[in-house]
Q: 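Input: one structure, supplied below.
Being a predicted model, the structure only gives us computed values, none of them experimental.
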Amino acid sequence: MRTFIGRSRLWRQRGHLCIACFLFGAVLLITGCSTETTPSKPTASGLKPINQAELQSLVDTTIKEFHIPGAVVLLRTPQGDFTAASGTTQLNTTNPPRANTHFRIASNTKTMTAAVIMLLAQHGKLELEDPVSKYVPGVPNGDTITIAQLLEMRSGLYNYTNDPMISEIIDTNPAKVWTPAELLAIAFAHPTNFPPGKEYEYNNTNYLLLGLVAEKADGKPLAQVMHDRLFRPLKLRETELPASTVSIIPEPYSHGYLSRVGDAVLRRRLVGEPPYSPKVQAAARAGTLLPKDYTGVNHSFAQAAGGVISTADDLATWTKALVAGRVLNPAYQRRWLDSGKPEDPSKPEGQKYGYGIAQLSWGPNTIYFHGGETPGYNSKISYDPANDMTLIVWTNLPVSLGDQQQTANTLWVRVLDHIYKVSPLETSP
């Protein structure tokens, strides 16, 4: 078996393209805060000795190779905490990114939306087997699509960010404020892709709907639900889901860039057509093709699927808390950990996706993670409970034009390869 489902899935996961991926006293609100549910710890660490200088060199080399303006790697292990930041938060300035720099976390938001749904189920405000039609009217197959199937990406609904209209409007009218009704209308204008539960397909429509379900069940806007149930209890003071009319990012923040070729750059990233020409790729590798600044794009198109802003520091706290059992009580934590199903049924030992979280195993190691990509930013959040390893990676250029690789994803894999005794890039028995 090739671990990590092979290099092609590592470098560019199916369906995880820019917006299409993005788009993963208050203690009483999080039952079981003092309980941690983790697998048994191995007798020996699966990690190599970590060297700060070598980690920094890896990040420096990677951003130069892919012409990334700036990147941050935050690594927390029993050996200590390591931060390797490189580059700048704004082109033509010397402003290095840091662990407290704000950026758009894109689809890592899904880990938070899923956690809110699980907490509402834990407190009896909804059931995971409820049909989505109980909370949101007008959904195709809404009487047979369950909340659990939305969480698992198995609804069969059309992914609204696959419609070229989204990328065209973002590129021509980046300040547009989108409503959930507008986004759902785009999704529901297309036929469904398969019967509910039949297949796995990464899909932002699922999580847009889950945000509306949470608001209906808790009687509050999603931003308030997340703040009350997640951000405040865990002291995530630099994390927020901004109002739909707000396009600014709190200071200090990183600008976000996307390599541009005419006005079709978002369409190329979102729907994959057409591929960049060899001439364009050569210009990107030579550093003569400058990226466009997408920092000011209004992210109301992302909402529960990818709208949160945070920092590497806060995301490290969040990811460990979620996986280690500080968000859900033991019973619901077990349901959450066990929710992963193979994305590809023909590869039962391959990558799994569950309730807003992905899972990989290679050799003796298992890691829970999510990724996010949106115009201007690419990021990965991850935690390995057996080795108590937290790894957060973000970049302010989501895809390298020359090689068309997801930049944070590539950097994340390189760091894993660098720190683990058994490399995730090698073939395991």
Side-chain angles (χ1 to χ4, degrees), residues 15-23 103-110 113 136 138-140 157-193 201-212 221-223 241-249 253 255-276 290-309 372-378 396-399 401 404 406:
H16 293 214
L17 297 180
C18 205
I19 301 173
C21 168
F22 297 126
L23 125 259
F103 67 98
R104 298 192 186 279
I105 74 170
S107 278
N108 292 307
T109 301
K110 292 180 174 69
T113 301
V136 184
V139 179
L157 295 169
Y158 179 84
N159 184 0
Y160 70 90
T161 51
N162 282 349
D163 191 303
M165 178 192 308
I166 300 289
S167 59
E168 290 169 2
I169 292 178
I170 288 174
D171 216 21
T172 58
N173 183 18
K176 176 177 170 55
V177 177
W178 298 84
T179 67
E182 287 178 300
L183 299 170
L184 289 179
I186 292 171
F188 300 163
H190 295 266
T192 58
N193 294 328
E201 181 183 37
Y202 192 90
N203 187 328
N204 290 312
T205 303
N206 295 327
Y207 276 72
L208 175 63
L209 285 168
L210 286 170
L212 298 177
L222 182 62
L241 177 61
S244 62
T245 55
V246 175
S247 299
I248 61 173
I249 303 175
Y253 70 91
H255 285 246
Y257 299 92
L258 190 60
S259 295
R260 180 177 183 177
V261 183
D263 290 328
V265 61
L266 286 176
R267 181 172 175 81
R268 293 174 189 272
R269 285 298 293 145
L270 288 172
V271 296
E273 60 180 46
Y276 291 121
L290 296 179
K292 177 182 176 181
D293 191 329
Y294 278 86
T295 309
V297 171
N298 181 289
H299 269 63
S300 54
F301 68 83
Q303 306 194 23
V308 167
I309 294 168
E373 184 183 357
T374 195
Y377 308 91
N378 189 203
N396 55 10
L397 181 77
V399 61
L401 185 56
Q404 300 186 58
Q406 285 182 314

Q: Evaluate the side-chain proximity of N203 to Y160: yes if any heavy-atom separation is below 4.5 Å, no if none is.
A: no

Q: Would you check if there is a donor-acceptor pair between the side chains of H299 and T374 at a distance under 3.5 Å?
A: yes

Q: Tell me if the centroids of the rings in F188 and H190 come within less than 6.0 Å of each other.
A: no

Q: Between K176 and N298, is the side-chain contact (heavy atoms from CB on, under 4.5 Å) condition met? List the steps.
A: CA-CA 6 Å; K176 176 177 170 55; N298 181 289; over 6 Å; no

Q: Search all heavy atoms of A302 against all heavy atoms of G307 and return the closest pair with its distance.
A: CB-N, 3.7 Å

Q: Show your working on side-chain contact (heavy atoms from CB on, under 4.5 Å) between L210 and Y207 and close with a plain yes or no.
A: CA-CA 5 Å; L210 286 170; Y207 276 72; 3.7 Å; yes

Q: Does A305 offer a backbone N or O that forms a donor-acceptor pair with the side chain of K110 under 3.5 Å?
A: yes

Q: Minimum heavy-atom separation for G376 and P398, please, with both atom names.
A: C-CD, 3.6 Å

Q: Spell out, as yes or no, whether a donor-acceptor pair under 3.5 Å connects the side chain of T113 to the backbone of A304.
A: yes

Q: Tell me every residue that passes side-chain hydrogen bond (donor to acceptor under 3.5 Å, both in side chains) with T295, counting only those two or more places apart in sequence or in another chain.
A: H255, D293

Q: State, with a plain yes or no, whether a side-chain heavy atom of D163 is found less than 4.5 Å away from one of Y158.
A: yes

Q: Check for a donor-acceptor pair, side chain of S244 on one end and backbone N or O of V177 on the other, with a separation under 3.5 Å.
A: no

Q: Is it the case that the side chain of N378 and the backbone of G372 share a donor-acceptor pair, with hydrogens and angles ignored and the cut-off at 3.5 Å?
A: yes

Q: For a side-chain contact (heavy atoms from CB on, under 4.5 Å) check, start with the C-alpha distance between Y377 and I309, then their side-chain angles and the critical distance, and finish with the verdict.
A: CA-CA 11 Å; Y377 308 91; I309 294 168; over 6 Å; no

Q: My understanding is that only residues two or more places apart in sequence, or in another chain, count here; which of them pass side chain to side chain contact (heavy atoms under 4.5 Å, CB included) with I248?
A: V246

Q: What I want to find out is whether R104 reaches E373 closely enough, with some N-O distance under 4.0 Å, to be called a salt bridge.
A: no

